Amino acid sequence: MQPNLNRLLRALAREGLDVTYDGRVYTVRLQRDAHAPPAEVLLPPDLPVEGKAFQQLAALAALKHPDGGAVKRVRATPDFHPGDSGVAIGSVVHTEGLVVPGAVGTDINCGMRLHVADIPVESFLARRDAFVERMKGHYFFGTRDVALGSRAVEALLRDGLPGWLVETLEQPLGAVARADLGQLDRESTRVYLGGALEGDPAWAPTGLRREGVVRDPGLASIGGGNHFVEVQRVEAVVDRARAWRWGVREGQLAFMVHSGSRDLGKHVGHTWQERARAAWPVGAPLPESGILPLADPALVREYLRAEATAANYAFLNRLLLAELLRLTLRELFGDVEAPLVYDVPHNITLPWEGGWLARKGACPAEEEQPVIIPGSMGAESYLMVGLGNARALASASHGAGRARSRFSMARGGADQREGALGLTGVDCITLRAERRIEEAPAAYKPIGPVVASQVEAGIVREVARMRPLMTFKA
DNA sequence: ATGTGC
């Protein structure tokens with residue numbers, strides 16, 4: 001138990017929260033709402049926790065809509081921390097008869113993608129500078145060629161990756177299309193839900209809906225905050241049989257993409273925050289938490305189509321970010337294979353037991369599904385297998401969790417020496433000096449205990465670990 | 001999270 005835990009629990013009680021702790025799982029309730037379903041959070045001992053995140057979790061569980069529907073259960077992952085829309089990052093909420101746009105937020109289908117490549121790490125590092133120069137062109141200087149046909153864009157937004165692929169095979173455009181579309185086709189089964197959600201192109205901005213050749217500035221761009229593209233080495237394989245089936249072997253080069261739906265998700269998320277407010281029944285008091293659910297079935301349907309549209313865009317964004325990297329490896333190292341291991345969203349609403357499950361910064365951990373948990377740029381990332389743990393709502397953490405805010409890292413008086421930031425030996429490629437500091441390893445909790453607690457709780461099992469070689473941050 | 005926003 002952490003030393004200041006009792007103090008934290010007393011402080012939360014003064015703020016109207018009942019919190020119990022069984023040494024591993026906290027259960028949170030609003031005192032004035034004893035009928036709310038429990039909100040649970042799994043936390044390893046000795047990690048700092050923030051009171052505000054507990055408050056947000058309890059408020060989410062207590063959420064009601066005057067027209068009916070219900071929150072069935074709330075669970076948070078060990079990396080949970082306060083979110084600025086009122087819902088904590090790391091929240092998983094099961095609802096029936098209502099959907100909560102804020103429980104996904106604006107970063108719709110933020111997620112992880114992992115590839116491996118059979119290139120010796122020494123050969124790769126020997127050409128580090130040439131690789132970095134090419135990738136900087138793609139990611140930072142706009143030299144990437146990701147022209148798309150308007151029919152392919154429409155198919156993407158409506159049907160997801162399979163629709164995009166079919167149209168792109170018909171009318172190949174851009175560097176990615178001139179590469180191996182057949183390989184992308186074979187890999188599509190390694191994308192969560194096939195990367196195919198039912199969207200509505202009307203949600204796209206006009207620039208994306210032009211006729212002819214579409215060059216969207218957001219596609220194949222990393223985005224800010226904790227998003228990144230990282231080249232790694234497979235450091236340890238723990239579950240040899242499963243890793244073999246997934247194509248992962250010790251010593252391989254790997255690369256990991258963490259990105260989402262960029263401006264489209266922001267647009268959809270903000271629009272629906274407003275629409276949920278506008279749809280709130282006249283005369284009913286607005287929830288103090290600012291979390292507004294939708295209950296009207298027609299609105300729920302429309303929201304989910306909008307969310308799915310942004311999600312489809314995010315699937316392609318990650319695919320293109322990875323494809324540019326794969327193409328660059330082929331330029332430098334010949335016809336190398338760099339197969340996809342898995343692509344998985346951690347910010348999305350999906351059907352669940354007759355209702356809905358919204359994950360905000362939580363990785364699906366369904367039985368036999370790959371789970372990708374990134375560490376910081378100075379720590380290992382984990383490839384795990386989900387165990388479908390029902391109490392955890394089949395969800396794992398989406399990282400180690402922030403220990404310190406961006407502000408406190410960059411301007412809050414943090415010790416900014418390389419060693420204190422944990423940046424010694426870290427190869428971070430970015431055009432923004434403050435990004436290295438905001439996202440330095442010292443800004444994150446240690447990933448080891450966060451992962452171990454989830455193994456112990458029967459949520460995931462470890463398959464392999466990857467160590468960073470270089471990290472691209474926008 | 002966001003071609004960041006008050």
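Proteins come first, then strands; the chains are lettered A, B, ... in the order of their sequence lines, and each starts at number 1. Remember, it's a predicted structure, so these values are computed and weren't measured experimentally.
Residues that satisfy the ring-ring contact (aromatic ring centres under 6.0 Å, His included) test with A:W280, not counting sequence neighbours, are A:H65. Every ring-ring contact (aromatic ring centres under 6.0 Å, His included) that A:F255 has, sequence neighbours left out, goes to A:H115. Remark: A:S85 pairs with A:K360 by the side chain to side chain donor-acceptor pair (under 3.5 Å) rule, at least two apart or across chains. The ring-ring contact (aromatic ring centres under 6.0 Å, His included) search around A:F228 returns A:H258, not counting sequence neighbours.
In this structure, NE2 of A:H267 is placed 16 Å from P of B:dT4, rounded to the nearest angstrom. If you measure from atom CD1 of A:I89 to atom C1' of B:dT2, you get 13 Å, rounded to the nearest angstrom. Whole-Å rounding puts the A:R262 CZ to B:dA1 P distance at 12 Å. Spacing between atom CE of A:M112 and atom C1' of B:dA1 amounts to 15 Å, rounded to whole angstrom units. Here the P atom of nucleotide B:dT2 and the NZ atom of A:K360 are 13 Å apart, to the nearest Å. We find that CG of A:D79 is positioned 11 Å from P of B:dA1, with the value rounded to whole Å. When the P atom of B:dC6 is taken as reference, atom CZ of A:F407 falls 18 Å away, rounded to whole Å. Atom-to-atom, CG of A:D84 to P of B:dA1 comes out at 9 Å; the value is rounded to the nearest Å.
Within the nucleic acid shown, A:G105 has no heavy atom closer than 4.0 Å to any nucleic acid atom. Within 4.0 Å (heavy atoms only), A:G265 reaches no atom of the nucleic acid at all. Contact annotation for A:R432: base contact, defined as any heavy-atom pair under 4.0 Å involving a base atom. At the heavy-atom level, A:G260 lies nowhere under 4.0 Å from the strands shown.
At the phosphate of B:dA1, neither OP1 nor OP2 sits under 4.0 Å from any side-chain N or O atom of A:H258.
The cationic atom of A:R275 (NZ for Lys, CZ for Arg) does not lie both less than 6.0 Å from the six-membered ring centre of A:Y303 and within 45° of the ring axis.
Proximity of the aromatic rings of A:Y192 and A:F315 is defined here by a centroid distance below 6.0 angstrom, and this criterion is not met.
The stretch residues 86-112 of chain A participates, sequence neighbours left out, in these side chain to side chain donor-acceptor pair (under 3.5 Å) pairs: A:D107-A:H227, A:N109-A:R318. Every pair passing salt bridge (charged side-chain N to carboxylate O under 4.0 Å, His left out) that includes a residue from residues 375-387 of chain A is listed here, sequence neighbours excluded: A:E380-A:R465. Identified under the side chain to side chain donor-acceptor pair (under 3.5 Å) test for residues 207-217 of chain A, with sequence neighbours left out: A:D216-A:Y313.
The base of B:dT2 lies outside donor-acceptor range of the side chain of A:R406, with no N or O pair under 3.5 Å.
At distances below 3.5 Å, at least one donor-acceptor pair connects side-chain atoms of A:Q56 with backbone N or O atoms of A:A88.
Across residues 304-323 of chain A, not one residue has a non-hydrogen atom less than 4.0 Å from an atom of DNA chain B. Of the residues in residues 140-147 of chain A, none lies under 4.0 Å from DNA chain B by heavy-atom distance.
Side-chain atoms of A:K266 lie closest to B:dG5 of the nucleotides B:dA1, B:dT4, B:dG5. Among the nucleotides B:dA1, B:dT4, B:dT2, the one closest to any side-chain atom of A:N226 is B:dA1.
Remark on DNA chain B: of its neighbouring residues A:E434 and A:H81, the 5'-side contact belongs to A:H81, judged by nearest-heavy-atom nucleotide.
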